[in-house]
Amino acid sequence: METDLRLESSLWVGNKRYRAVLTGWHFNWTEVDKKKTISVPVAEVIGVEEGRVEILPHKSVEDKDKDFTVFYVKRSSNGGSSGLVWKVGRTQFSCPSRVLRDQWTKQLRTAVKLHSPLRPQRLLVFINPFGGKKKGRKIFHSVVAPLFELAGISCHVIVTERANQARDHLLKKDLTGFDGVVCVGGDGMFSELLHGLIGRTQQEAGLCENDPTVTLQPCPLHIGIIPAGSTDCVCYATVGVIDPVTSALHIIIGDSQPLDVCSVHHTSVLVRYSVSLVGYGFYGDVLAESEKHRWMGPLRYDYSGAMVYLSNRSYAGIVQYLPADPLLSSPRDKTRCLSGCSVCSRSTERLFPHSSDSGSLYSANFSQFNSDSEGEWVRVEGRFRCVSLTCMSSSCPRSPLGLSPSAHLADGTGDLILVWDTHPLGFLKFLHRHTSTQDQFDLPFVEVHRVKAIRFCLPAGKEEDAYEEIVEQSSGTDEERGYIETVSRSGSQQRLAEGHTGRDLTNKQKTANPFLCGLCCSKSPSVSVWNCDGEILPFTEILCRIHGQLVRLYARGIENSTAAHDCSEEGDKCERRCILHK
Ligand SMILES: CCCCCCCCCCCCC/C=C/[C@@H](O)[C@H](COP(=O)(O)O)NC(=O)CCCCC
Ligand SMILES: Nc1ncnc2c1ncn2[C@@H]1O[C@H](COP(=O)(O)OP(=O)(O)O)[C@@H](O)[C@H]1O
Ligand SMILES: [Ca+2]
């Protein structure tokens, strides 16, 4: 197969003659009499077009019948982010004859198909026009759509008109013919796609999402994220940069990154899924406070972070956790989950032992949460500044190494971070370390555990306090108080079965609820709220379970400058063993 695709000839680029070689895996061209070779992995070719083609500022084709243009991924400096920015490289070649030109374009296109089988042809795209700085529509139409067109990808685009429209569409509408789903927005939009796709997949498989012991079916459609939100944590932690072009190129070439997902349950009913943060205390309070300042855009989190820090709160709670196998990895082993991560690769074999390749992952059915083999739960009780669970590092521009720098994207575990009550300066030190490379776990009041599941509940007596706080301090209408009463006392299961989760609370209801009202209460509240990937949960007592590699993104993990570099100049002689030459 490799030899079938081989093609070698002289080609001209401008007025210079090159020796061009297609080996199947790589397309190289070397200036004759010079050693300078440019080498592009075929899997990173974006498109091959007849003629002399430009795409910026608009697509234009000068149809010289002996010419062709190759567009490919070009890495550039990362501007301070943890990953590499991808740009579009373009080279226009001239052939001695039209026959040779047609041979080159045909062979290159065949090689591309063969070496990147997951490239999408048809995508369903949801744009949140109100996410982040409200630039989603512009980003998609001016930056992403021209690249998709170049790559021959057709899109059905839906600009959302309400929250949860994308989720509902994925749950109910016909998805035949789509290879993947893309969101243009932030973590909240990603979360809609996550819920829609996971829910749809389980419905079709006849599985009950409410049961935390059930092994859920991995989703067959890939998710792409074009970052246009406030935190953009899922994009940052899986790509390493917040850059719409980089993300669009990962989608185009059909990259595939599995991702762990945490299911959050209350009284045996599924409340939500999370990938980045299930956080009680500080992060819950910041979110509740930030809801009142949405008009500030992404800055609302910085403002609210400062306000909540100044309010100096801690909360009583009981945390139970199910430790993961300490022999596999540790949250303090100082490693980072990068593109091609060996811990995640080994986890694929462990999580899906019957699949010989990733193509058959989806037929695997393996229980990681079996009561006989789950191990011993550990219980701790006390006052916490925050309790956080994350399935991945949760790095983001605010915190370039993230909540848990050594967490893995796809190892089937999450990291539980317990920050015990401490003096304000100690907690500030902890928070500040998130913004640098200093170890935030190397503090006497911080613990981190790699886990498969956790439970959280309030100490005896506190549940009643919480309920009293809701009813007494609510400034909402009778109807809103009724809602809170129903959810807090006994109606949770029924409410959830009807599809009511935290997301369905209006802002008015959130502010009416002192659980959620952040700083507006005269008395410091004795309970906080859970922040679940940017959504407030209407329950305090929860059980979380990590589902290994439940979804796949169009991404490949973080390529950092030491693991990968743009070595197109160095051909196969790269001594740094970068990802291009593995
Ligand atoms: C006072 C200095 C504080 C510095 C602390 C920095 C720590 C930052 C860690 C951020 C972890 C982010 C985890 C991701 C959460 C998102 O899902 C969620 C929703 O995002 P979006 O949909 O884009 O609005 N974002 C947050 O909950 C923001 C947390 C910010 C906390 C300061
Ligand atoms: N058209 C819309 N109107 C109002 N809310 C929307 C709309 N589309 C999506 N949403 C909701 O907006 C929330 C925030 O969106 P997101 O794209 O994550 O932006 P940000 O990162 O700024 O929070 C999401 O939870 C999503 O459900
Ligand atoms: Ca993980």
Side-chain angles (χ1 to χ4, degrees), residues 126-134 136 158-167 183-193 195 225-237 258-262 274-279 282-291 294 297-298 300-310 324 329 331 337 341 343-344 347 386 388-404 406-415 427-428 430-435 440 450-452 502-503 531-536 546-549:
F126 294 98
I127 304 177
N128 176 2
F130 304 117
K133 295 180 183 156
K134 303 194 172 91
I158 298 176
V159 178
T160 59
E161 289 170 2
R162 62 173 176 87
N164 294 326
Q165 185 181 341
R167 178 201 65 182
C183 58
V184 184
D187 293 330
M189 266 315 269
F190 170 78
S191 180
E192 285 204 29
L193 268 50
H195 284 80
I225 307 171
I226 302 296
S230 296
T231 312
D232 294 319
C233 165
V234 187
C235 177
Y236 196 93
L259 198 62
D260 297 337
V261 177
C262 170
S274 155
V275 294
S276 58
L277 170 66
V278 186
F282 180 75
Y283 292 109
D285 292 349
V286 170
L287 183 65
E289 177 64 16
S290 74
E291 282 300 318
R294 260 205 175 264
R300 69 189 183 280
Y301 290 128
D302 303 284
Y303 173 79
S304 308
M307 296 300 280
V308 170
Y309 169 75
L310 291 172
S329 62
C337 179
C341 169
V343 172
C344 292
S347 301
C386 54
S388 310
L389 176 66
T390 178
C391 289
M392 56 186 195
S393 71
S394 287
S395 54
C396 60
R398 256 184 211 88
S399 174
L401 293 179
L403 290 173
S404 191
S406 295
H408 290 274
L409 292 171
D411 66 341
T413 76
D415 287 354
F427 189 52
L428 187 63
F430 168 75
L431 290 176
H432 185 258
R433 286 191 180 184
H434 287 78
T435 63
Q440 64 259 40
R450 193 145 283 174
V451 301
K452 295 187 276 187
R503 268 171 307 169
N531 172 344
C532 180
D533 288 3
E535 297 292 330
I536 291 167
I546 318 294
H547 301 261
Q549 308 192 358

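Treat the numbers as computed from the prediction; the structure is a model and nothing was measured. Reckoned from all heavy atoms, side chains included, excluding hydrogens, waters and symmetry mates. Ligands are counted one by one from 1 in listed order, and the atoms in each one are counted from 1 as well. Numbers here simply count residues along the sequence, with the first being 1.
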Worksheet item: Does any N/O atom on Ser276 come nearer than 3.5 Å to any N/O atom on ligand 1?
Response: yes
Worksheet, complete the sentence: Under 4.0 Å between heavy atoms, the region of Phe190 that gets near ligand 2 turns out to be neither
Worksheet item: Out of Cys532, Gly305, Ser394, whose heavy atom is nearest to atom 1 (C) of ligand 1?
Response: Gly305
Response to the item:
For Arg433, the side chain to side chain donor-acceptor pair (under 3.5 Å) test, sequence neighbours excluded, returns none
Worksheet item: Arg300 near ligand 2, heavy-atom distance under 4.0 Å?
Response: yes
Worksheet item: Heavy-atom contact under 4.0 Å between Tyr301 and ligand 1?
Response: yes
Discussion item. So, 4.0 Å and heavy atoms of Met392: is ligand 1 close enough to count as a contact?
Written reply: no
Discussion item. Could you tell me, atom by atom, which parts of ligand 1 come under 4.0 Å of a heavy atom of Asp232?
Written reply: 23 (O)
Item to complete: Report, in ascending order of atom number, the atoms of ligand 2 lying under 4.0 Å from any heavy atom of Thr160.
Response: 1 (N), 2 (C), 7 (C), 8 (N), 9 (C)
Worksheet item: Partners of Asp411 by salt bridge (Lys or Arg N to Asp or Glu O under 4.0 Å), sequence neighbours excluded?
Response: none
Worksheet item: Side chain, backbone, both or neither: which part of Lys133 comes within less than 4.0 Å of ligand 2 when only heavy atoms are counted?
Response: neither
Worksheet item: When you look for heavy atoms under 4.0 Å from ligand 2, do you find them on the side chain of His195, its backbone, both, or neither?
Response: neither
Residues 228-235 side chain polar contacts: donor-acceptor under 3.5 Å, at least two apart:
| residue | atom | partner | partner atom | Å |
| --- | --- | --- | --- | --- |
| Ser230 | OG | Arg300 | NH1 | 3.0 |
| Asp232 | OD1 | Gly229 | N | 3.0 |
| Asp232 | OD2 | Gly229 | N | 3.3 |

Item to complete: Determine, counting only non-hydrogen atoms of the protein, whether one lies under 4.0 angstrom from atom 28 (C) of ligand 1.
Response: yes
Item to complete: Mind checking whether Tyr283 contacts ligand 1 via backbone (N, CA, C, O), side chain (CB onward), both or neither, at a 4.0 Å heavy-atom cut-off?
Response: side chain
Discussion item. Below 4.0 Å, non-hydrogen atoms only: which portion of Asp187 touches ligand 2? Side chain, backbone, both or neither.
Written reply: backbone
Discussion item. I'd like to know whether ligand 2 has Gly132 as a neighbour, heavy-atom separation below 4.0 Å.
Written reply: yes
Fill in: Mode of Leu403 contact toward ligand 1 - side chain, backbone, both, neither (heavy atoms, under 4.0 Å)
side chain
Worksheet item: Has Glu535 got any heavy atom lying under 4.0 angstrom from an atom of ligand 2?
Response: yes
Response to the item:
Listing protein N, O or S under 3.0 Å around the Ca ion (ligand 3) gives Asp260 OD2, Cys391 O, His408 O, Asp411 OD1, Thr413 O
